[in-house]
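Okay, so here's the structure we're looking at.
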Amino acid sequence: MPSTRSGPATRRRRRRSLAVVGAAVVLAVLASAGCGDDAASDDGASAAGDEHKITVAGDSISVGLGTQLREVVADAEGGDRAVVKVIGESGTGLARPDKFDWPSRIDELARDFPPDVLVFSVGSNDAQDLTDADGDVVVTMSEDAAWDEEYSRRLAEVFDAVRPADGEEPRTRVVWVGHVRTEEDAVADTNRRVHRLATEVAADRPWVEVRDLTELLGVGEATATRCLVEDGLHLTGDCLTEAGQGLLPDLLPS
């Protein structure tokens, strides 16, 4: 990957670019997945005791997926007692905790409104240097090994927010969902890189299940052309529904 070492001016341009991407994200998701104003709703009140709570978190891809999952779950056998909450935030990931801190957000969710299943999916906004909570660069993307190590640590923070106590069954199962290859190489490569890291981090965490949009949609490691909307980044509503149907066995009680 090209070096991302840069001066202040370049970093400011990158941050402006991230904001533009975030705005485009919202428009694309609304168009392709039919999201309404409640697509990225807050957790709300704790689910009733007889409800099976599914919370979908992450970037705009997760918002689109969660929106379609509401319909898929509602139509599924056994889905009548399930409730799907979507707490995605467009333009976010694990690279910029100064913009949005997912580990802290999931820790809060686990403490206050623990779901039965947490679907977590990020990556498309993370083709950049990793910063700390103050916005200072921790590691540049050109430092491959250090970037992977730090990103893996952040993934572990998310997964471990719902870690069960020793000897106990997990209260919350995590379903990680990897992203497809998009049209822009930098984003596509990062999506697959992040999925590889998530798979490695999940390997010794039995409460985390790994799923991959490339498999759910049958697109493999090629660019997911048939599923991409005009921006080359987001997925069509039909493909998100297809992915949601493939995820159902991981989401509903057996």
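In this structure the side chain of V194 reaches within 4.5 angstrom of the side chain of W176, judged on heavy atoms. Using a 4.5 Å heavy-atom threshold, the side chains of E149 and V139 count as separate. Here the side chains of H195 and D212 are in contact, with some heavy-atom distance below 4.5 Å. Using a 4.5 Å heavy-atom cutoff, the side chains of S62 and V86 are not in contact. In this structure, the side chains of R81 and E51 stay at 4.5 Å or more apart for every pair of heavy atoms. No side-chain heavy atom of L69 sits less than 4.5 Å from a side-chain heavy atom of T241. Side-chain contact between V174 and V162 is present, with heavy atoms from C-beta onward closer than 4.5 Å. Counting only heavy atoms from C-beta outward, the side chains of V117 and V175 approach each other to under 4.5 Å.
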**Asked** E242 and L216: side-chain contact (heavy atoms from CB on, under 4.5 Å), yes or no, with the steps?
**Response** CA-CA 8 Å; E242 183 181 339; L216 291 165; over 6 Å; no

**Item:** Verdict with supporting geometry, T131 and D98, side-chain hydrogen bond (donor to acceptor under 3.5 Å, both in side chains)
**Value:** CA-CA 7 Å; T131 73; D98 57 316; 2.9 Å; yes

**Request:** Determine, stepwise, if the pair L228 / T236 fulfils side-chain contact (heavy atoms from CB on, under 4.5 Å).
**Result:** CA-CA 6 Å; L228 297 176; T236 65; over 6 Å; no

**Request:** Please report the C-alpha distance between D250 and R173 in whole Å, then the side-chain angles of each, then the deciding distance to 0.1 Å, and finally whether the salt bridge (Lys or Arg N to Asp or Glu O under 4.0 Å) criterion is met.
**Result:** CA-CA 9 Å; D250 300 297; R173 290 188 298 107; 5.6 Å; no

**Request:** Start with the C-alpha distance between S124 and L233, add both sets of side-chain angles, then the distance that settles side-chain contact (heavy atoms from CB on, under 4.5 Å), and finish with yes or no.
**Result:** CA-CA 8 Å; S124 290; L233 175 67; 3.9 Å; yes

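Remark: the backbone N or O of D134 is paired with a side-chain donor or acceptor of D132 at under 3.5 angstrom. Checked by atom type and distance alone, the side chain of R163 never pairs as donor or acceptor with a backbone atom of F159 at under 3.5 Å. With hydrogens and angles disregarded, no donor-acceptor distance shorter than 3.5 Å links the side chain of S60 to the backbone of V63. For the pair D126 (side chain) and A95 (backbone), a donor-acceptor distance under 3.5 Å is present. No side-chain donor-acceptor contact under 3.5 Å links D116 to the backbone of T172. Using modelled atom types, no side-chain atom of H52 and backbone atom of P115 make a donor-acceptor pair closer than 3.5 Å. With hydrogens and angles ignored, the 3.5 Å screen pairs a side-chain donor or acceptor of W147 with a backbone N or O of Q128. E143 places a side-chain N or O within 3.5 Å of a backbone atom of T140 that can act as its donor or acceptor partner.
We find the CG-SG distance between L65 and C239 to be 11.5 Å, quoted to the nearest 0.5 Å. A distance of 10.5 Å separates OG1 in T190 from CG in N125, rounded to the nearest 0.5 Å. K85 NZ to R70 CZ: the interatomic distance, rounded to the nearest 0.5 Å, is 8.0 Å. Between the OG1 atom in T182 and the CG atom in D231 there is a gap of 9.0 Å [rounded to 0.5 Å]. With rounding to the nearest 0.5 angstrom, the CG atom of L235 is 6.5 Å from the CG atom of L213. Remark: D148 CG to M141 CE distance equals 9.0 Å, nearest 0.5 Å.
A salt bridge is absent between R226 and D238; no separation between the charged side-chain nitrogens and carboxylate oxygens falls under 4.0 Å. For D101 and R154, the salt-bridge test fails: no basic side-chain N is under 4.0 Å from an acidic carboxylate O. A salt bridge between E215 and R211 is absent, with no side-chain N of the basic residue lying under 4.0 Å from a carboxylate O of the acidic one.
Heavy atoms from other residues, nucleotides or ligands lying under 6.0 Å from CD of E230 number 12 at most.
The cationic group of R171 does not satisfy the cation-pi geometry with W207, failing either the under 6.0 Å distance to the six-membered ring centre or the 45° limit from the ring axis.
In summary, of the residues considered (T225, N191, D189), a side chain to side chain donor-acceptor pair (under 3.5 Å) with R181 occurs for D189 alone.
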